[in-house]
J.: 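Just dropping this structure here.
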Amino acid sequence: MEERRYRSAAGAPIALRCRQHSASCRELAVRCPRLQLRSLSAVTSAVWLAAYGLFVLSENSVVLSAAIFITLIGLIVYLHFVKIDQESLLVIGSLGIQVTSSYASGKESTTFIEIGQVKDVVINEAIHMQKVIYYLCILLQDPGDPQGVSEVVPLFQSSKPRLDCLIEVYKSCQEILEQRKTAPQSS
Amino acid sequence: ENSPAPLPERAIYGFALFLGSWFGFILYLIWAYVPETWLFSLGLTYWPQKYWAVALPVYLLVAIGIGYILLFGINMMSTAPLNSTHTITDNYAKKQQQKKFQEEAIPALRDIPISEVNRMFFLPEK
C-alpha cells in the first residue's frame, strides 16, 4: 500500500493510494487537496469586510450578526455537501465496481455497479469549461446491443487527476477486468 | 455563368446603393437635428418622434453587446456534459458498416471504438 503524489487538472496536489486486497480485488483511492487555511481566511475576511461596509452605510447592527451567521452556515454547508476529501474506486473482479466519495464533514456517498452492467473502464477526453480534460469513466452495457453504450459514469469528478495518474488507475482496472474474459463464468 | 467579375449591371447596382445609403444617412441627420418647428413650417408633419433617432442606435449597440455574451452562453450550453454518450459516439458511428479486411489494401476508414483506442494508447504491448 503506497501513496504516490500527482497533480489535479487545476494544478493542486493530490495523492493516489492503491491497495490490492486479493487477486481480483483492488481499491484505488484519490485524496483531494485539503481546504486551505488561506482561502478560508480570505473568504471570511471578504464577507466580514463587506458586512462592515454595509453596517457603516446603514447603521444597522443586524448586518454584522447576519454576516457571522451566514459565514458559519455557509462553511458547514460547504463542508458537508461540496468539499470532497477522498474519492475511491473498489474493483471486485466477479462482483462489480463500487465508487465512494467521502466529504470533509465525514459523510460518505456510495454507488455500486454490478459487473454485468460494466462494459469497460476507459479514459475519455471531453470539453469542460473552456478546457479539454482527460477523465476516467465507466461505460455501461446497453442490454439490447452488445456493441452499444447505454450510459457513461464519470469518476474522480472532484479531484480531476491528470493523465499520468489516470493511466495508473486505468492499468489497474484493466488487469482485473481482463480476468473476466479469460475465465468466463456461466451466469 | 456565375463569376465574380465586374459587370456593367453590377456597377449600376453598386452606384444605386451608394446613392441610396447617402440619401438615407442625410435624411437621418435632418430628422435628428433639424428642429420640429422648421420641419412643420415646410409642411412635413408626419415624422416619427425624435426619441427614436437616439433610441434605435442604442438598441442596436446593446443588442450587439448582448449577442457576444449570448453566443458564448449558447456554446457552453450546447457542449455535451461529461456523462453523456455523445462524447464517445454518435449516430453515424453507431450505424457504420464493417468492411471486409483485404490483404495488402489500405484498411477502410471507420470510427474506432474507444476501448480499442485506450488499449492502444495506454496498455503497452510487450
Side-chain angles (χ1 to χ4, degrees), chain A residues 9 87 99 111 113 117-181, chain B residues 57-126:
Chain A
E87 292 168 311
V99 182
T111 313
I113 304 168
Q117 289 180 343
V118 170
K119 183 166 187 280
D120 203 0
V121 172
V122 300
I123 297 179
N124 192 16
E125 34 186 334
I127 300 175
H128 175 73
M129 304 284 272
Q130 294 88 43
K131 266 201 288 209
V132 175
I133 58 166
Y134 290 99
Y135 65 104
L136 197 72
C137 57
I138 304 177
L139 302 179
L140 298 188
Q141 185 88 42
D142 189 6
D145 177 18
Q147 304 294 325
V149 173
S150 76
E151 223 181 296
V152 172
V153 178
L155 304 173
F156 302 125
Q157 287 288 279
S158 173
S159 47
K160 288 202 181 55
R162 286 190 180 169
L163 191 60
D164 43 7
C165 179
L166 288 179
I167 293 179
E168 293 297 321
V169 180
Y170 174 74
K171 283 188 199 165
S172 280
C173 291
Q174 285 297 316
E175 280 171 18
I176 302 208
L177 288 178
E178 270 167 7
Q179 293 171 5
R180 63 175 174 160
K181 281 183 223 136
Chain B
V58 171
Y59 271 127
L60 190 67
L61 290 176
V62 171
I64 290 174
I66 289 182
Y68 276 111
I69 301 173
L70 194 71
L71 189 66
F72 191 65
I74 290 178
N75 273 332
M76 282 183 77
M77 278 173 61
S78 323
T79 310
L82 292 188
N83 63 348
S84 105
T85 51
H86 291 288
T87 54
I88 294 181
T89 182
D90 65 356
N91 277 334
Y92 298 103
K94 282 184 201 156
K95 292 187 193 150
Q96 66 181 350
Q97 290 132 355
Q98 307 280 344
K99 300 226 172 74
K100 274 204 273 280
F101 176 69
Q102 292 169 335
E103 288 291 329
E104 296 193 3
I106 299 175
L109 193 67
R110 66 179 180 103
D111 184 51
I112 305 176
I114 187 170
S115 308
E116 222 174 293
V117 174
N118 265 246
R119 266 189 291 264
M120 191 198 81
F121 275 140
F122 305 126
L123 294 180
E125 298 290 323
K126 284 170 194 148

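A note on names: the letters A, B, ... follow the listed sequences, proteins ahead of strands, and every chain is numbered from 1. Note that this is a predicted model, so its numbers are computed, not measured.
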J.: Is atom CD1 of B/I64 surrounded by more than 12 heavy atoms (other residues, nucleotides or ligands) closer than 6.0 Å?
T.: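 Correct, the count exceeds 12.
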J.: Using only non-hydrogen atoms and a strict under-4.5 angstrom cutoff, which residues of residues 75-83 of chain B touch chain A?
T.: B/M76, B/T79, B/A80, B/L82, B/N83
J.: Side chains of A/K171 and B/P124, heavy atoms from C-beta outward: is any pair under 4.5 Å?
T.: yes
J.: Under 4.5 Å from any heavy atom of chain B, what part of A/I123 do you find: side chain, backbone, both or neither?
T.: both
J.: Under a 4.5 Å heavy-atom cut-off, does chain B meet the side chain of A/V122, its backbone, both or neither?
T.: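 Both backbone and side chain.
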J.: Within residues 140-151 of chain A, which positions have a heavy-atom distance to chain B below 4.5 Å?
T.: A/V149, A/S150, A/E151
J.: For A/L163, is it the side chain, the backbone, both, or neither that has a heavy atom closer than 4.5 Å to a heavy atom of chain B?
T.: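 The side chain, not the backbone.
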J.: Can you name the ring-ring contact (aromatic ring centres under 6.0 Å, His included) partners of A/Y170, sequence neighbours left out?
T.: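 For A/Y170 the ring-ring contact (aromatic ring centres under 6.0 Å, His included) partners, ignoring immediate neighbours, are B/F122.
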J.: Hey, can you pull the donor-acceptor pairs under 3.5 Å for the side chains in residues 86-95 of chain B, sequence neighbours left out?
T.:
{"residue": "B/T87", "atom": "OG1", "partner": "A/N124", "partner atom": "ND2", "Å": "3.2"}
{"residue": "B/T87", "atom": "OG1", "partner": "B/S84", "partner atom": "O", "Å": "2.9"}
{"residue": "B/D90", "atom": "OD1", "partner": "B/Y92", "partner atom": "N", "Å": "3.4"}
{"residue": "B/D90", "atom": "OD1", "partner": "B/A93", "partner atom": "N", "Å": "3.1"}

J.: So, do A/L139 and B/I114 sit near enough that their side-chain heavy atoms are less than 4.5 Å apart?
T.: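 Yes, their side chains come closer than 4.5 Å.
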